[in-house]
Amino acid sequence: MAAPTGIKSPTRARIAARTLRTDRWWLYPSFTALVLLAFVVYATYRAFVGEHYFAEPYLTPFYSPCVTTECVDGSRHLGTWVGDWWPFSPAVLILVIPLSLRLTCYYYRKAYYRSFWMSPPACAVGEPHRRYSGETQFPLILQNIHRYALYVALAYNVLLTYDAVMAFKSPEGEWGHMGLGTLILVVNAVLLGLYSLSCHSCRHIIGGRLRNFSKHPVRYRLWGGVSVLNGRHAQLAWASLVWVGFTDFYIWMVASGTWSDPRFF
Ligand code: FES
């Protein structure tokens, strides 16, 4: 049998207790697991249900861009790319984009490694696994696609901004409309944009691999701005996650006729 690795490795100190911490270290991983699980259950249900995702002019971000023949009238802002052969709801086609960014995000890795994998569950708390291979083997080696997931997500943010702009067009087709849904979609686009720009890969793309900043003043300024956002990456990750769920829920309620959308203009 192969020698154990990680905290069971023969080179590590032998401590019988799993942890010597006396504070409530389990609160953070438990709460994280609860919120992430709730979001996954909700998003999975909404992605497969295939209805109440468009309340003109509001298209939920879960179904944007809506590009299959199944999309309801008015929701295909970018036309039809996928025919009847697609067996699932239009959201299943799209959600792979934000999912690949969130799943490989450095912050979420920390969050779900601790809360679901318990590898380790917290600082100075031993993990339950005998072996540790980090991100060097399949499937975790796929975390290396993060930079490419960011490129796609940045393009995706442009689409969500387009949806927010379209929310200023009334169901009658006139510009200048503003309802509560418009504001919700605008905040959603802003939060998701800030979340992507605060990404560690984004910071490296802008300011990395430079010998000195003095020869690259523009990149230096951009790097400074992105670094400020980067310091708030965890907060932006949570705020954008909760808000995108709320945005979908609001549009679901309006589309199903449960709530009416207050209109300001
Ligand atoms: Fe979180 Fe890149 S590190 S999105």
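All ligand and atom numbering here is 1-based and tracks the order in the structure.
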Item to complete: Would you mind listing which atoms of ligand 1 come within a distance below 4.0 Å of any non-hydrogen atom of Tyr195?
Response: 1 (Fe), 4 (S)

Worksheet entry | Cationic tip of Arg76 above Phe54 ring, under 6.0 Å, 45° of axis | no

Worksheet item: Are Arg12 and Glu127 close enough for a salt bridge, meaning some N to O gap below 4.0 Å?
Response: no

Discussion item. Is the ring pair Trp223/Phe213 parallel, tilted or perpendicular, if the boundaries are 30 and 60 degrees?
Written reply: tilted

Worksheet item: Can you tell me if His233 has an N, O or S atom under 2.8 Å away from atom 2 (Fe) of ligand 1?
Response: no

Worksheet, complete the sentence: Per-atom filter on ligand 1: closer than 4.0 angstrom to a heavy atom of His200 are 2 (Fe), 3 (S)

Discussion item. Only to 10 degrees, please: what angle do the NE2 atom of His146 and the SG atom of Cys199 make about atom 2 (Fe) of ligand 1?
Written reply: 100°

Worksheet, complete the sentence: Tested for ring-ring contact (aromatic ring centres under 6.0 Å, His included) against Tyr63, the lone hit among Trp252, Tyr58, Tyr53 is Tyr53

Worksheet entry | From Arg263, Lys169, Met166, residue fulfilling side chain to side chain contact (heavy atoms under 4.5 Å, CB included) relative to His177 | Arg263

Discussion item. Against Thr104, only a single residue in Arg109, His146, Glu135 fulfils side chain to side chain donor-acceptor pair (under 3.5 Å); can you say which?
Written reply: His146

Worksheet item: At a 4.0 Å threshold, what atoms of ligand 1 neighbour a non-hydrogen atom of Tyr106?
Response: 1 (Fe), 3 (S)

Discussion item. Taking 4.0 Å as the limit for heavy-atom contacts, which would you say applies to Tyr108 with ligand 1: side chain only, backbone only, both, or neither?
Written reply: neither

Practice prompt. May I ask you to check whether Cys105 brings an N, O or S atom to under 2.8 Å from atom 2 (Fe) of ligand 1?
Written response: no

